[in-house]
Amino acid sequence: MSLKNMHKIVKKINRYQEEMECLTDEQLRSKTTEFKERLQNGCSLDDLLPEAYAVVKEASGRVLHMRPYDVQLLGGIILHQGDIAEMRTGEGKTLVAALPSYLNALEGKGVHVVTVNDYLAARDAEQIGKVHEFLGLTVGVVLASMTPAERKAAYACDITYVTNNELGFDYLRDNMAVYEEQIVQRDLHYAIIDEADSVLIDEARTPLIISGMSGKSTRLYEVCNQFVKTLERGNGNDELSKLDAISGEGIREDGDYMVNEKDKIVRLTEDGTRKVEAYFGIDNLASIEHLELRHHINLALRANTLMMLDRDYVVKDGEVLIVDDFTGRIMPGRRYADGLHQAIEAKEGVEIKRESVTNATITFQSFFNKYKKKSGMTGTGYTERKELKDIYGMDVIPVPTNLPVIRADKEDLMYKTKEEKYLAVVKEVRNAYEKGQPVLIGTNTIEDSEHLSSMLAKEGIPHNVLNAKEHQREAEIVASAGQHHAVTIATNMAGRGTDIKLDDVSRELGGLKIIGTERNESRRIDDQLRGRSGRQGDPGESRFYLSLEDDLMRLFAQEKMMSIFEKIGLEKGEPLKHKSLSKAVRKAQKRIEGNNYSIRKNLMEYDEVMNEQREIIYRERRHILEGKEIMMNDIIRLFISETVDHYLSGPKRKWNAEDIKALFNEVNKVIPGFGRVARSKNLNELKEIMSKRAIRLFGEKAAQCPKEEYLKEVERVYFLRILDSHWMDHIDYMDRSRQGAHLQSYGQRDPIAEYRDDMFNHFDRMMYEISKEFLELLFHTKFVETSDISEDSTEKSDSPKGFDD
Ligand code: ADP
């Protein structure tokens, strides 16, 4: 829909105003029932929208004393049509979501309002929930601490506030449930995603994983960790182009290992390899039998050289927690894959969690694409609009601000060293502080924020430091960051979603001053920092302070900037202000954004393969849980057919006695007493005869079972158990080969096509194995008469009652 049409709808909504104002609370509330009836009678949500939005507007005015502005109504229309509304900070996105969530909840199929942390979910549910409850809808919130029963109740509400993580994990857990009652979510109907870019882009780089433990020891991690600490790092930066690497040219080695920070690769040199061999008493590290050792050494090196405490991860209560390098947010429950997490645990001397195997996994891309309809809100999505369109099918539509933005965004200043930069920042903070103007300083890492904090402390400047560790407390601090004299240091994500309001003195003094201490990898994150100032027409200013030693510069633009510095010949401590500066920064950012997009796209392509299979398995599981009978005859036929094919197919028309014998051996192992059948003319006929016999034998077996419903339960539980265990192995296999795939991506073969073929073969094989194991178990089950099965026993266990394996 064009913006012009949307404006027309806004007018329509506003025309209802007078009518709504005249209604009593009771009459306003009864609109909800009326709308539901109209829907029943064939009216569409689109038809209802203007009046329904007018109802919410009026209700919001009565309950919260806020009436959505026209731009908010506009945002609400965009959300209803399944797109992303780009609205600046302070425009009131929380209230915007109240409109489409009300309208879409009228269908009674549930609406999820997705936030990035528990604190926001609870806060928004509490606040906006009042409006919906006033209008007679139910509102729930899902928090990390909740029990399955509480979750189920929350998901059953008309509108549910929940974080992206809880949503994803509940989805995975629901698909591991053994009984239908354990399922907490309803179908994925409509989602409104707050901070959509953060959820759909930044977080989408790491999939959600539910993992189990493998039996492996963790000792090797410790040994390798201690060992690599004795090695010496080479000086070179080990940057080789692929071409150099292939032609074997340009490799200059020194030290025991070399680090390439840009591509995040560490490798042993010849010397290093020899030391490993000596230490572990082996001949040749390259040989296949030492694959695992090689992997562990590599992990220990990566953990010790590339992974940095308080930048990539933090240690809290004896646990290594990942920090999202984009947002600075801690990601509880996530672990680095493939042993890297354990290697870091060894490095930090905390308890090493057992090697985990992946039991269930999904990317946010696949997850959110399961919704019938989804929409998003963000302050900064436009630069990523192509990805949001390509991957999620949503357009990003910028909504004008309610009042014009008058914040002054000043040109970047570049210093030669980090220290000079920080001194300049401190000086600027001091000036503002003495004047009384509030300052918010954004840093990329927890380390930087602590460094800056100690500098400010030395200067005697009182300030708060926020690291996105405690959302609630930080939200309170950020909320008062607009008071005069306030000085706040925050990593990107800290206190996000909380409005910074100015007091009158601050407004006089020029509003909130934003200082960025580093350019981010993405322009979007810079804009988010800036956007914290200048809300709703407030005054404000922003500036980034950079240095040649910043990561972004160091890796992507240092040489160029260095030469400019030299040409101009600046004094120590004097900043560079040059037109080519912002160009160089922008170019470096674009390059990284591009890289990150390819990483996500690649992840997505792999996940699509898994997604097809996941859909098949999850659908099947769901049906079984809902009570669908297991199609025994189909399973028997599948088993017979595949077994016959396995032993007897192939180019030769005639089978020899050996093949036939092997076939019947196999079948008899699974189905005792099957015997043999006479030779037949062709495979199909043979399969038919054998299937019929197997089905008859199963009928006889089933007749031994005292009660038919018990048999059905045995079948269901066995089948699920076997399906799950094979499926988990399969996922783990998929995960590992995906991680391995990029290592083998040389040559002409397309790694994804290769992966796809492999996975589908593996999947078919798995289905066969499942049928075989399932039949074998059933045919070997001894059904015993038990008189003590009480009907009212409700306790569920993995095993059905009354049967022995
Ligand atoms: P955003 O998430 O877009 O940055 P918030 O949802 O945090 O903005 O809202 C910013 C502030 O504006 C909040 O204090 C909210 O209560 C207030 N607000 C939102 N909409 C309105 C409105 N229509 N009238 C008055 N105040 C509003």
Side-chain angles (χ1 to χ4, degrees), residues 148-149 152 173-183 617-644 663-677 687-729 766-805:
K152 196 176 175 127
R173 280 191 291 258
D174 274 358
N175 284 297
M176 296 166 83
V178 184
Y179 291 98
E180 201 185 358
E181 308 83 275
Q182 294 168 337
I183 293 177
I617 297 288
Y618 283 4
R619 203 177 316 122
E620 187 61 27
R621 277 193 108 260
R622 212 35 95 89
H623 286 158
I624 294 171
L625 287 188
E626 285 164 0
K628 187 190 108 174
E629 261 188 44
I630 308 238
M631 307 309 266
M632 288 308 301
N633 291 0
D634 292 351
I635 293 177
I636 292 172
R637 281 177 193 281
L638 171 77
F639 166 69
I640 295 288
S641 166
E642 294 279 316
T643 316
V644 170
L663 166 67
F664 285 109
N665 268 347
E666 177 73 11
V667 175
N668 276 283
K669 249 195 340 222
V670 175
I671 308 176
F674 185 88
R676 298 180 63 146
V677 299
K687 286 177 184 176
E688 187 54 31
I689 297 171
M690 287 178 69
S691 298
K692 281 205 171 121
R693 177 178 297 185
I695 290 170
R696 176 172 57 77
L697 287 170
F698 182 73
E700 288 169 14
K701 183 82 205 171
Q704 295 169 11
C705 183
K707 272 194 187 165
E708 178 160 357
E709 72 242 43
Y710 294 156
L711 178 69
K712 296 291 160 220
E713 198 193 347
V714 173
E715 286 174 6
R716 264 211 290 278
V717 174
Y718 281 176
F719 190 78
L720 281 182
R721 206 203 273 162
I722 293 168
L723 178 78
D724 285 349
S725 102
H726 280 271
W727 171 241
M728 284 175 197
D729 284 351
M766 173 185 81
M767 294 310 271
Y768 168 69
E769 294 287 340
I770 290 173
S771 71
K772 177 174 144 186
E773 206 173 300
F774 177 57
L775 290 176
E776 190 168 359
L777 192 57
L778 275 181
F779 272 105
H780 288 80
T781 297
K782 260 210 312 282
F783 295 108
V784 291
E785 283 286 353
T786 43
S787 49
D788 58 14
I789 306 170
S790 53
E791 299 290 347
D792 59 4
S793 146
T794 48
E795 204 195 340
K796 301 278 177 168
S797 76
D798 244 13
S799 231
K801 295 168 286 279
F803 304 99
D804 292 339
D805 280 24

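For this chain, numbers begin at 1 and follow the sequence in order.
With rounding to the nearest 0.5 angstrom, the CD1 atom of I640 is 10.0 Å from the CZ atom of R693. Atom CG of residue L775 and atom CD1 of residue I770 lie 11.5 Å apart, to the nearest 0.5 angstrom. Annotation: the span from I624 atom CD1 to E715 atom CD amounts to 10.0 Å, rounded to 0.5 Å. Taken to the nearest 0.5 Å, the CG atom of L777 stands 4.5 Å off from the OG1 atom of T781. Rounded to the nearest 0.5 Å, atoms CD1 (I636) and CE (M631) are 12.0 Å apart. If you take CD on E773 and CG on L723, they are separated by 11.0 Å, rounding to the nearest 0.5 Å.
For the pair K628/E620, a side-chain contact is recorded, criterion being any heavy-atom separation below 4.5 Å from C-beta on. Using a 4.5 Å heavy-atom threshold, the side chains of L778 and K701 count as separate. Proximity of M767 to I617: side-chain heavy atoms (C-beta onward) are separated by under 4.5 Å at one or more points. Within the 4.5 Å cutoff, the side chain of I183 has heavy atoms near those of the R622 side chain. The shortest distance between side-chain heavy atoms of D724 and R621 falls below 4.5 Å. Proximity of L663 to M690: side-chain heavy atoms (C-beta onward) are separated by under 4.5 Å at one or more points. Put simply, the side chain of F719 reaches to within 4.5 Å of the side chain of I635, judged on heavy atoms. Within the 4.5 Å cutoff, the side chain of Y179 has heavy atoms near those of the V717 side chain.
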Assess the residue pair L720 and L625 against the criterion (side chain to side chain contact (heavy atoms under 4.5 Å, CB included)); give the C-alpha distance rounded to whole Å, side-chain angles, the decisive distance to 0.1 Å, and a yes or no. CA-CA 9 Å; L720 281 182; L625 287 188; 3.5 Å; yes
Let me see the working for K152 and Q182 under side chain to side chain contact (heavy atoms under 4.5 Å, CB included), right down to the final yes or no. CA-CA 9 Å; K152 196 176 175 127; Q182 294 168 337; over 6 Å; no
Please step through side chain to side chain contact (heavy atoms under 4.5 Å, CB included) for the pair D174 and Y618, ending with a clear verdict. CA-CA 10 Å; D174 274 358; Y618 283 4; over 6 Å; no
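For the pair S771 (side chain) and Y768 (backbone), a donor-acceptor distance under 3.5 Å is present. Counting only distance, with no hydrogens or angles, the side chain of H780 and the backbone of E776 share a donor-acceptor pair below 3.5 Å.
Under a cut-off of 6.0 angstrom, the local environment of CD in E700 is crowded, with over 12 non-hydrogen atoms contributed by other residues, nucleotides or ligands. Atom CD of E626 has more than 12 neighbouring heavy atoms from other residues, nucleotides or ligands inside a 6.0 Å radius. Within a 6.0 Å radius of NZ in K692, other residues, nucleotides and ligands contribute 12 heavy atoms or fewer.
Between E688 and R637, at least one side-chain nitrogen of the basic residue sits less than 4.0 Å from a carboxylate oxygen of the acidic one, meeting the salt-bridge criterion. Between K669 and E666, at least one side-chain N (NZ, or NE/NH1/NH2) sits under 4.0 Å from a carboxylate O, which counts as a salt bridge. Between E709 and K712, no side-chain nitrogen of the basic residue sits less than 4.0 Å from a carboxylate oxygen of the acidic one, so the salt-bridge criterion is not met.
In plain terms, the two heavy atoms of G675 and F664 that are nearest each other are O-CD2, 3.4 Å. When all heavy atoms are compared, the tightest approach of F674 to A694 is CE1-N, 3.8 Å. Residues A702 and L711 approach most closely at CB-CD2, 3.5 Å, considering heavy atoms.
Ring geometry, F779 versus F698: the interplanar angle exceeds 60°, so the pair is classed perpendicular (tilted spans 30 to 60°).
Taking the six-membered ring for Trp and the full ring otherwise, F774 and Y718 have centroids separated by 6.0 Å or more.
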